[in-house]
Structures are given as structure tokens and as C-alpha cells.
Amino acid sequence: MINITLPDGSIKQFEKEVNGYDIANSISPRLAKEVLSISVNDEIWDLTRQITNDSSIKLHKFDDKEGKHAFWHSSAHIMAEAIEALYPGTKFGIGPTIENGFYYDIDLPEGMVITEKDLITIEKKMLELARQKNNIVRENISKADALEMFEKKGDQYKLELISDLEDGTITLYRQGNFTDLCRGPHLPNTEHVKAIKLLNVAGAYWRGDEKNKMLTRIYGITFPKAKLLDEYLVLLEEAKKRDHRKIGKEMDLFTFSPEVGMGLPLWMPKGAALREQLENFLKKVQKSFGYEQVITPHIGNVNLYKTSGHYEKYGKDSFQVITTPQEGEEYLLKPMNCPHHCEIFKARPRSYKDLPIRFAEFGTVYRYEMSGELHGLTRVRGFTQDDAHLFCMPDQLKDEFKKVIDIIFIIFKALDFKDFTAQISLRDPKNTSKYIGSDENWEKAERAIIEAAAEKGLNTVTVLGEAAFYGPKLDFMIKDAVGRQWQLGTIQVDYNLPERFELEYTGSDNQKHRPVMIHRAPFGSMERFVAVLIEHTAGKFPLWLTPDQVVILPISEKFNEYALKVSNILNISDIRTVVDERNEKIGRKIRDNELKKIPYLLIVGEQEQESESVAVRLQGQGDKGSMTVDEFVRYIKNEVEQQLASIHN
RNA sequence: GCUGAUGUAGCUCAGGGGUAGAGCACUUCCUUGGUAAGGAAGAGGUCAUGGGUUCAAAUCCCAUUAUCAGCUCCA
């Protein structure tokens, strides 16, 4: 007699051992049809695996994360089966599931390539295989047998994977003519896979190491119903419409020119206006947190970066040194602001009474990113950090750190960024040579971050090996329109640069002490932040921020007067006269054309000359009815002030 | 940097060894008071750049360059 506890706490009894499929069937035939995998005592199993002891279980359908995982994992196997059939001799790397779908890394026989056109053929083959309704069978195998089997197949990638596994834990999955090394779990049968879309094909290094051979990676996604696939494809299309590169072009926010250079954005008037609003907003917040603005040059002597350690780490991969008519004199385009701010700290003796000192600068820096890395505004070679460096006593560190988290919260709240990941990035304990500074300082710094984040009640994920070379970080990641994660805000604790720059303050004991440094940039960079902001709002910025208030008075001699009133309170970068004396009706035509480009629009159309009343409509907010221009100005002023007030509180 | 794809008018794209195409945008005129109006006419392109093959190249081949997707990297 076996007791199976269901998620609601009820217990079902079975005469003898059962599997997930039997349990589902005992509840309802419909469930049995839809169920894909099962959690047994919090371990995910195949439906067909026999449960021999009392267990608590949960059945997973496609709606569950666990169900999707099994579904896509099996789909990856079906794809591999199809590829093996179509391209005999192909060797297989790994084929995991990802957030949306799966991929498989394959090594095609010499001379063969798969291009996007071939994906349709593979899709068809996959559907054909899925329709064969093959059972997917799990099999335990000894390490020796597994090695022998893949040796025979000549699949060196699987052999490499197997050699890293413990004997006794190795399982194979078999469906049709295809067998793969796999931990599982899988669907019981291929028939569940009804809709298949292979999305793209790209290169990927074996085991993610650029020294290894590059394999062909095929990405795909599958669904149990064709309708779900259609919905997903529509979603993808919608996401592409929010791409900041597309919207940026349409709204005339920024552009690139090959003449200027790749990865060097040119901000157009509206984009510059948007940036200015963001900068003003953050400056105001920072001022209330006791920051002081500083300004430093765009270049610095090479020695500055040799002192900081950046030159040794990044020198050869950076824009190269700038020489001068003076023999031996070398400068570097500023790749970061920290060393400059350290020198400001050093410029005069500091007392413990002055700390913390907080130097802020919208500092433009230049980094030679690899050409394949450049991506719209999210990854560029010249960008402006909303940078600040806080110098404090060790016992002030945690408090200061928490205050920076507060600033980031203010920003994310103001711009309605709810869906972010807070990532604690620590150094890789197995490879400490990549980092500078003593173990003791690293431990102190890492502890400070972990504690501060915990005390702020942040849900964090911890990633080893993601720290900066001088210290650990707390990074705030946000996804773009198509689900790629980008790091925005970052807070870093640093005991090392103060040592390298020999920074000191005089303590209450009249002794010299070393301050601790916090590097932080809540936006990350203006460029990347604007990019993510565009994708989150689809270009419909909040009123207080938008550069695109266009006021149009179709037929009115008072246009200039009105425009001035409105522009005094709004950040209007584009007010266009639409009154043409020769033909007063021309105004309408311009307005229609403008409309196409402007996602957020104020239209003020005069209705009755005598009363000076206008029709106001905020695009995206509907009609606001009739009001006079003065009323309109007051209304907008009020709106903007309210928005700003609610943010700053 | 690596693998693959792409580069044709301001934008979105079709075409393709022998006068360069469409829609939208732009200019002028006509019609039209209201959130992507209609009509007529016009302007706009060494088909990314440089070589090669050919009687002939925007088209085929090679190289370069930029963009896109992914990998790697990200102070």
C-alpha cells in the first residue's frame, strides 16, 4: 500500500507502486492527457517512473515551469533526432531548456552547414517524428557502458560530459532511433509536441569558452497547441515594436553615423531633452542625499590608470594612448571616473568629521567594446555614467550602502520598473588571481553587501565570478523588450582603490585611517537606461519626463504666445508653428504628419475664438475636454508637479 | 573577437547579368475644420565600399565595412 499526498494535503492510496500517469488518471482522464511531469518529494521525475514509497507529489502541466521544462527538454531531443536523421554523423553537445524554449549545440560533419532556410526542413522532420508517438524511455547505465556507447558513436562532446559524471548517476533517454545522455525529466511520449518553431541558428563555443571549437546552436520553441505558438509569435512581434533602436529612430531621439564611429551615439534634440530631464531628476534626488557634483576631464594621464590597476587589466583592450608633442607624455581617454574622484578626495586633508564624502558626476567615459558586443544604446563605446563615489569610514559603510539602495528604489518607483533582479556579484573563489586586493578586504566587502541587501529586504540572487576586479557588486538587472537582461543600477564596495591611491582621513584619535569607497551608478549609464526606459514605456514617457510635448494650435494668431506659456513649464523640444498666413488650413496637414512620429502628444486646438477655449487631448490619456489656455497651462503644471512630488517623496 | 545572415530612395521593403521598383514620407497645386483624409504633378538612388569574372555587374565571385541574431566579453 502506497500513500500519495497531493498538493492540497489529501492522500490517495494505491495497492502497488504507481507512476505519475497512473495518479493523474485516477484523478481525471483529462488531467492524464495534459500532465507532462511530476514532482516526487520535490524532485522532478518522468511520469512513467515508478513510485515505490509513500510520497508527496505534484503534477505538472504545460502551464507550470516544471511542465514546460520537460516539454522543451524532450523537444530538444526530438530536434536532435531530426538533425541526426537529416545530417548523419552530426555530433551533439548540450541541449538544455531556456526561459522560452530550448536549444541544442551541434557539431555538423565537415563541410555541412545549417542556415535559417534549413530550419523549416528540420521543423517538418521534427513534426513527423513527434507524430510517430514514440515513447521516451529512461534507462540507467554504468559509466563504462556509457563511455563505450558514445565512443562507438564517436561523439567526443558526450564523452567529455560523461567523464565528469559519477558512476551510477548516468541515465539515457531513448525515443525512436535516438538515444541521448540526459538527466531528464522528459515527457512520456513525443505526441504531446504539436507546434514547433525553430527560431534561429547561431554559433556558440563548446562549454562557453572562446578557446574551444565553435558549435552550431539552434534555438527553438514548441507548444502542445498550435494556438499557443501563434500567440507566442505575436508576442515576439509586439516586443520587436518596442525595440529602443526602432523607437529611437522614429522619435528622433538618437542616431549613429559610421562617419563618427560605431558605438558612438549621437543624441538628437529630443533625446538630449529626455536625458536632461533624467539628469535633473537624479541630481535633485542626490542633492537631498548629500551628494556634491564634481566635474573631471575626459582624459587622464596613463599613470592615473596604472595606479588604479585599470591599465594593467584593460589597457590592451582599450582605446589606445593619446600621445602629445612632448616625448613620453601619454594620456588615455577616460574609461571610468573613479581615479579622478580619488584625486579630488586626495586634494586636501580630510577629517572624519567630513565623512561620508559623496562626489557625483555625469561622467562620459570611453571603452573599446568588442565590435560584436555593440547593441543600440545598451552597449556602446562612449557613454555617460551617472557616477558617484562615496568615501566613508568602515562603520559608515553599511548605512551608506543602504542609502544608495534607497536611491535606486526611488528611481525604479518613479519610472515604474517593477520587474527587476537584484544580483549580488561576488568574486570567483576558485580563481582569485583575477582580482586585486587582500582576501580579508574582499570578505569584508562581500559581507557588507550581503548584509545591507538583506537588511533592506531585497530578494537577491548571488552569482560567483561576476564581481568587478576591485570589489563585489550589487547589480540591478532589468529585461528589455525581448527578454534580454541588462545591468542598470550598480553599487560596488571597494577597499582596494583607497589603498592604491593611498587615500586617508584623520580620525578622532588623530591618526590616519583609510576610507572605504562605494562606487555607484543607479541608472548605470544614461544610454542604457534610456534604452530600457524606451522599451518599458514603448516610447510613451511620463509627462514629467517626456521630450515630446508638442502643442499645436491649428488656427490661431496667438500661437507664439501660447507656445511660450506652455514651453515655460514643459520640456518642449519641438513646437512647430502650424499657422501659415498664406493658407491657414495648412496647419492640419502638418499635424497629421507629426502625429505619426509623436507617441505622446498634447494637442491644443482652438474652438471658440472669443472665449479662447481650447480642446485638450493627451494621447494615451484620452480627452481632457475644453479649457482656456491659462487653464491648460495650470493643468499641465499641476500634473507635472504632482508627478514629480510623488516621486521625490 | 568568433559563427551565421543582411546591406537597393528619408523610412519599410520587393526585384534582379542588358533603361532602377512599390508603399509611406518629402515638394507644388486642388479638395477637406478634428487625430494615420482624397486627387494630380514632381523631386529623390554610382543598388554599402574596393577589386575580380564578363561584350555587359546593382545582380555572379573575393575582400573590406556597417548592421542584425547568438556566443564570448562587460572597469
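In what follows, chains are A, B, ... by sequence order, proteins preceding strands, each numbered from 1.
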Base partner of [N], which must satisfy Watson-Crick or wobble distances under 3.5 Å:
| N | value |
| --- | --- |
| A36(B) | none |
| C2(B) | G70(B) |
| G44(B) | none |
| U19(B) | none |
| A25(B) | none |
| U65(B) | G7(B) |

So, does [X] get its side chain near the phosphate of [N], meaning an N or O under 4.0 Å from OP1 or OP2?
| X | N | answer |
| --- | --- | --- |
| H375(A) | G70(B) | no |
| K334(A) | A75(B) | no |
| R245(A) | C68(B) | yes |
| S371(A) | G1(B) | yes |
| R528(A) | C74(B) | no |
| K473(A) | A75(B) | yes |

query: Testing K334(A), H340(A), H341(A) for side-chain hydrogen bond (donor to acceptor under 3.5 Å, both in side chains) with N337(A), which one passes?
result: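 Going through K334(A), H340(A), H341(A) one by one, the side-chain hydrogen bond (donor to acceptor under 3.5 Å, both in side chains) with N337(A) is satisfied by K334(A) alone.
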- prompt: With E238(A), which of K241(A), R242(A), K240(A) fulfils salt bridge (Lys or Arg N to Asp or Glu O under 4.0 Å)?
  reply: K241(A)
A75(B) pyrimidine/purine six-ring stacking with F469(A), under 5.5 Å and 30°: no
With a 4.0 Å cut-off on heavy atoms, is [X] in touch with a base, just the backbone sugar-phosphate, or nothing at all?
| X | answer |
| --- | --- |
| M262(A) | sugar-phosphate |
| S308(A) | nothing |
| G208(A) | sugar-phosphate |
| F256(A) | nothing |
| R381(A) | nothing |
| Y219(A) | sugar-phosphate |
| P335(A) | base |

Does [X] make a side-chain donor-acceptor contact with the base of [N], cut-off 3.5 Å?
| X | N | result |
| --- | --- | --- |
| Y205(A) | G70(B) | no |
| E373(A) | C71(B) | yes |
| R379(A) | C73(B) | yes |

Between [N] ([atom2]) and [X] ([atom1]): distance, integer Å:
| X | N | atom1 | atom2 | result |
| --- | --- | --- | --- | --- |
| M214(A) | C73(B) | CE | P | 12 Å |
| K213(A) | G1(B) | NZ | C1' | 19 Å |
| I106(A) | G70(B) | CD1 | C1' | 14 Å |
| Y366(A) | C74(B) | OH | P | 23 Å |
| D252(A) | A25(B) | CG | P | 16 Å |
| D317(A) | A75(B) | CG | P | 12 Å |
| R500(A) | A75(B) | CZ | C1' | 13 Å |
| I491(A) | A75(B) | CD1 | C1' | 17 Å |

What distance, rounded to whole Å, do you find between the two [atom1] atoms, one in [N] and one in [M]?
| N | M | atom1 | value |
| --- | --- | --- | --- |
| A63(B) | U53(B) | C1' | 15 Å |
| G1(B) | G17(B) | P | 34 Å |
| G38(B) | U3(B) | P | 49 Å |
| C47(B) | A58(B) | P | 6 Å |
| G21(B) | G44(B) | C1' | 14 Å |
| G10(B) | U49(B) | P | 13 Å |
| U35(B) | A9(B) | P | 33 Å |
| A14(B) | U27(B) | P | 28 Å |

- prompt: Start at the 5' end of RNA chain B and walk down; is the nucleotide closest to T115(A) or to Y368(A) reached first?
  reply: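 Closer to the 5' end of RNA chain B: T115(A).
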task: For R217(A) and for G372(A), locate the closest nucleotide of RNA chain B by heavy-atom distance; then report the residue assigned to the nucleotide nearer the 5' terminus.
output: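 Comparing both residues, the 5'-ward one is G372(A).
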- request: Give the minimum heavy-atom separation between G437(A) and W442(A), together with the two atoms involved.
  value: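 Minimum heavy-atom separation between G437(A) and W442(A): O-CD1, 4.0 Å.
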task: List the atom of Q492(A), the atom of A468(A), and the distance in Å for their closest heavy-atom pair.
output: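 Taking Q492(A) first and A468(A) second, the nearest heavy atoms are OE1-CB, 4.3 Å.
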- prompt: Between N303(A) and K306(A), is there a donor-acceptor pair closer than 3.5 Å when you use the side chain of the first and the backbone of the second?
  reply: no
- prompt: For Q320(A), does the CD atom have more than 12 heavy-atom neighbours from other residues, nucleotides or ligands under 6.0 Å away?
  reply: yes
E527(A)/R367(A) ion pair, N-O < 4.0 Å: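 Looking at R367(A) together with E527(A), the answer is no, because their closest N to O distance does not fall below 4.0 Å.
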message: Salt bridge or not between D243(A) and R245(A)? Use side-chain N to carboxylate O under 4.0 Å.
response: yes
- prompt: ring-ring contact (aromatic ring centres under 6.0 Å, His included) between H77(A) and W72(A): does it pass, once the steps are laid out?
  reply: CA-CA 9 Å; H77(A) 280 217; W72(A) 287 332; over 10 Å; no
